Every structure is written in C-alpha cells, then in structure tokens.
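Working notes, beginning with the structure itself.
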Amino acid sequence: MKIAYFKENISPDVGAFLAGYNTIDESVMKLDDLYAIGLCIDDGRNRVLLVSFDLLGLDEWFVRENRKKCADLLGVPESAVLFTCTHTHCGPHTRSLAGRPEMLNRKYMDRLAETLIGAVGKLGDFREAVPCFHSILCDENQNRRYTSGDNRAIYTPFRRQFVPMRTGFADQELGTLMFLDPATDRPVYVVANYAAHPLAGHTPGPGALRTSAAYPGALRDYVTANTGAECMFVAGAQGDLVPREDEMGDEAFRSLGIRLGKQVIGGIVDASRSKHCYALDDARVASCISTFTAPLRRKYRDNPKTLPAEYLGHDEAAMEIQCVAVGDVAFVGVPGEVCCELGAEIKWHSPFRRTFIAYNSTAYMSYICPANFLVSGGYESMSQRISSRGGLAMVNTAVDALCNLREEIFPSADEPYPDTCGNSLVNIERN
C-alpha cells in the first residue's frame with residue numbers, strides 16, 4: 001500500500017463573515033490557519049482519496065461538482081473521493097442558508113475549488129506505508145441535551161445550570177487510521193476521528209470573531225510536532241455532542257486538542273509495538289455510494305425561510321451515504337449533522353472491524369436525529385428538515401452499504417460475515 005498527501009491553506013481574509021453563530025459575525029483577526037488536507041491511498045489496484053476541510057459545512061452541489069473533478073483527475077469512481085468537514089464555527093460561510101442566499105461566500109468557494117483541484121492534480125511522491133488502526137474511549141465530550149422524566153428536552157447551552165445533569169448518550173470513541181514506515185515502524189500519516197462540536201474556542205464578544213481551526217487544528221499540530229507524522233482530523237457523529245469545556249476560549253480548545261493528541265500518540269505506540277494486533281493485513285481499498293429518501297417536514301417543505309433554495313419544490317429529499325474502506329476499517333460519509341446515537345447505530349451494526357463516521361460528506365442537510373428526539377424536542381430536533389423516520393432510513397442504508405462493501409473486499413465462503421461460531425473464546429494476549 002502506498003500513500004500521498006497534501007495540505008493547503010484555505011484561510012479567508014480577515015473581515016470575512018463567519019459561519020456557525022450569527023450570520024453577520026465579521027472576523028476581526030486570524031487566530032490560526034484553516035486547511036484542506038488530503039490523503040490518497042493506493043493499494044496497487046485501486047485508489048481512494050479522503051479530504052478534510054476546516055469548514056463548518058459544504059453544500060451538496062459543491063460536493064458533487066468537485067468530487068467528480070477529483071475523481072476524474074485520479075481515474076477513480078466518484079465514490080472513491082470522500083469529502084468531510086471539521087465543522088469549525090470559526091470559518092467562512094460555505095453553506096447556502098435558508099432565506100439568506102447572499103451569505104454564501106461565492107468568491108471564497110471559487111478559490112476553494114481551485115485550491116482543491118490544484119492540489120489533487122499535483123499529487124505525487126507516493127510512498128510505501130503499513131496501514132494500522134486503533135481505537136480507545138476518550139472522555140472529552142458530552143451530550144448537550146438534558147431530558148426530563150416526562151421526556152422533554154432542555155438544550156443545555158442555553159441553560160448551563162443543567163450541564164452537570166446532562167442525560168444524553170455520548171460516543172467517546174477516538175479512532176485512528178495510521179500509516180507506518182515499513183522500515184522503521186515510525187508513523188508517516190495519522191487520521192484521527194472524534195465526535196465533538198469544535199465550540200471550545202468560542203466566547204461571547206470578540207472571542208467568537210477569530211478565524212480558527214479550533215481543537216481539530218490543535219490536535220493535528222500536537223501529533224505532527226511530536227511524531228513527525230502528518231495528521232488529518234475527521235469529525236464524527238457530533239450533532240448533539242460538545243467538548244466538556246465548550247465556549248470557554250482559545251486555551252480550552254488548545255488544551256482539548258493536546259489531550260486528544262496525547263491519546264492519538266498512545267494509539268501509535270500500541271500499533272507500532274503490536275502490529276500483529278493492529279496492522280491491516282493485505283488491505284484493499286474500496287468504496288460505494290447509496291441513496292435514501294426521506295419526506296421533508298411540513299414546516300420546511302417549500303418554505304424559502306426555512307429551506308435552502310436547492311431543496312425547494314420537492315416533498316422529499318434524496319440523500320447519499322458514502323462508504324470508503326481501507327482494509328477492515330470503513331469511513332461512512334453522512335449528509336449533515338448526524339446525532340451520535342445514529343452514528344453509534346451504524347457502528348454497532350457494521351461488519352467492519354472499525355467504522356468511523358465522517359460528518360457532512362455528501363451534503364449539508366442540517367441535523368439528523370433519532371425519531372424520539374422529535375417527541376422530546378430540543379434544538380437538534382427543531383432544526384431537522386426531514387421526517388422522523390429519516391434517521392432510521394439513513395442507518396439502514398449505511399449498514400446495507402457496509403455489508404455489501406465488505407463482502408466485495410472479503411468475499412464470504414460460507415456464512416455471511418460476521419459470524420464467530422467457529423472462533424475460540426478471545427482472551428487478552430500475554431507476551
């Protein structure tokens with residue numbers, strides 16, 4: 001297996017309007033740079049490309065248009081090019097807003113596309129690397145919902161006295177896909193996956209007006225500075241998850257990035273010293289795209305005040321699920337801000353050894369929640385554009401796609417995988 005990669009600065013000019021909070025928040029300074037970070041993986045037969053943008057989100061039209069251009073440059077199907085965003089709230093407007101189409105920074109989007117296509121076109125210097133994976137629970141996030149005994153939800157960022165009582169589930173898996181130098185076992189490249197809104201750096205006032213990659217950037221910087229490996233961050237199903245020090249300022253996001261970075265380095269230590277456990281043997285790459293549809297909720301349907309123009313005139317929305325596999329590790333690209341409960345459902349039913357969710361890969365269809373959230377209420381469910389069954393349709397589509405993709409990579413001779421009837425009881429190994 002060989003890899004090649006790029007890292008391109010995509011910082012907007014100071015004075016750009018920032019996405020994520022008030023639409024007219026204008027940046028007054030640059031705290032740190034934003035990047036488009038790409039990793040191309042070649043197994044000798046096929047290639048896949050992962051690209052992570054330090055942006056809040058991307059429209060479906062931008063994803064499809066530029067995914068195809070990248071695929072054509074690499075000579076691969078569109079499914080083999082996976083985009084995702086870190087979801088920083090300290091970047092420019094890169095989504096179409098309902099009722100405010102003028103806020104989309106078209107000049108910046110043109111420059112972003114040009115930078116992306118230029119970087120992919122110059123990809124070269126593929127180097128051999130050994131793919132490994134790692135996973136650990138990391139207690140740095142929490143659900144931002146408190147649900148009372150009568151199943152009514154409180155959005156705790158607006159009622160901070162309820163923060164110690166938050167009742168929602170939190171997916172705390174910190175997953176890594178890493179590539180080691182075959183001669184030295186030193187890390188060459190690391191992809192880290194975690195679920196928590198990058199909101200730690202936000203504070204009231206000027207603290208919210210600084211361009212920043214937030215904790216994903218701090219995590220990357222720490223890993224690279226201490227290991228020499230290039231690093232990409234892929235945001236997980238973070239729709240209802242926040243850091244434990246959300247909206248506390250720049251020190252909060254830097255310390256969070258460092259704490260997560262230390263855990264990533266710990267995973268590198270494990271994988272490099274126990275490759276028999278973590279290496280992905282005979283790893284092939286593969287990909288697929290599946291589509292599901294869901295009716296639009298009545299209050300959003302054909303309403304230009306609540307729905308972006310590209311979805312007007314329709315009673316339902318067709319959305320894509322995109323799966324990219326690297327050996328026995330799969331990334332599932334989802335069309336928006338998926339709540340962690342649905343992300344965990346996909347992971348729990350996945351036939352891959354490890355499955356990581358990739359936020360806002362195929363479209364930005366706002367929040368996608370479990371159906372019961374539309375009973376209990378709260379910010380996430382009020383923002384959901386599709387009907388209550390849409391989340392389940394997304395999960396089912398993703399799981400079916402994952403099962404088909406794994407069968408393509410590792411065909412079953414007998415029982416459909418997974419089936420452990422023939423396995424011995426697993427015990428922790430002793431050296």
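For the single chain, residues carry numbers from 1 onward in sequence order. Just so you know, these numbers use all the heavy atoms, side chains as well, and skip hydrogens, waters and symmetry mates. Everything numeric here is computed off the predicted structure, so don't read it as measured data.
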Ring pair (Phe, Tyr, Trp, His ring centres under 6.0 Å) involving [X] - partner list, sequence neighbours excluded:
{"X": "Y359", "value": "H87"}
{"X": "F53", "value": "F83"}
{"X": "F373", "value": "none"}

(message) Between F179 and Y189, is the ring centroid distance below 6.0 Å?
(response)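 No, too far apart.
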
(message) Measuring centre to centre across the rings, with the benzene-like ring taken for any Trp, is Y311 within less than 6.0 Å of Y300?
(response)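 When the ring centroids of Y311 and Y300 are compared, they turn out to be at least 6.0 Å apart.
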
Can you pull the salt bridge (Lys or Arg N to Asp or Glu O under 4.0 Å) pairs that have at least one residue in [range], sequence neighbours excluded?
{"range": "residues 71-91", "value": "R67-E78, K68-D72"}
{"range": "residues 263-275", "value": "D185-K275"}
{"range": "residues 369-381", "value": "R144-E380, R145-E380"}
{"range": "residues 88-102", "value": "R100-E102"}

Under 3.5 Å donor-acceptor pairs involving side-chain atoms of residues 257-268, not counting sequence neighbours:
from	atom 1	to	atom 2	distance (Å)
R259	NE	E140	OE1	3.0
R259	NE	E140	OE2	2.9
R259	NH1	S255	OG	3.3
R259	NH2	E140	OE1	3.1

(message) For V375, give me all partners under side-chain contact (heavy atoms from CB on, under 4.5 Å), at least two apart in sequence or on another chain.
(response)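 Residues passing side-chain contact (heavy atoms from CB on, under 4.5 Å) with V375: N151, N372.
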
Please tabulate, one pair per line, all N/O donor-acceptor pairs under 3.5 Å involving side-chain atoms of residues 229-239, not counting sequence neighbours.
from	atom 1	to	atom 2	distance (Å)
Q238	OE1	A196	N	3.4

Return all side-chain donor-acceptor pairs below 3.5 angstrom for residues 385-399, not counting sequence neighbours, or 'none' if the list is empty.
from	atom 1	to	atom 2	distance (Å)
R385	NH1	Y364	O	3.4
N396	ND2	L392	O	3.4
T397	OG1	A393	O	2.8

(request) Please round to the nearest 0.5 Å and tell me the distance separating atom CG of L174 and atom CG of L137. (result)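 If we round to the nearest 0.5 Å, L174:CG and L137:CG are 9.5 Å apart.
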
(message) Taking CZ in F410 as the centre, count heavy atoms belonging to other residues, nucleotides or ligands within less than 6.0 Å. Is the count above 12?
(response)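 Buried by this count: over 12 neighbours within 6.0 Å.
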
(message) I'd like to know whether CZ of R301 has more than 12 heavy-atom contacts from other residues, nucleotides or ligands below 6.0 angstrom.
(response)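 Enclosed.
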
(request) With the side chain counted from C-beta on, respond yes when I41 and M1 share a heavy-atom pair under 4.5 Å apart, and no when they do not. (result)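 Of all side-chain heavy-atom pairs linking M1 with I41, at least one is under 4.5 Å.
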
When the side chains of residues 110-128 are checked against the rest of the protein, which donor-acceptor pairs come out under 3.5 Å, sequence neighbours left out?
from	atom 1	to	atom 2	distance (Å)
R111	NH2	S11	O	3.2
T115	OG1	R111	O	2.9
R127	NH2	D181	OD2	3.3

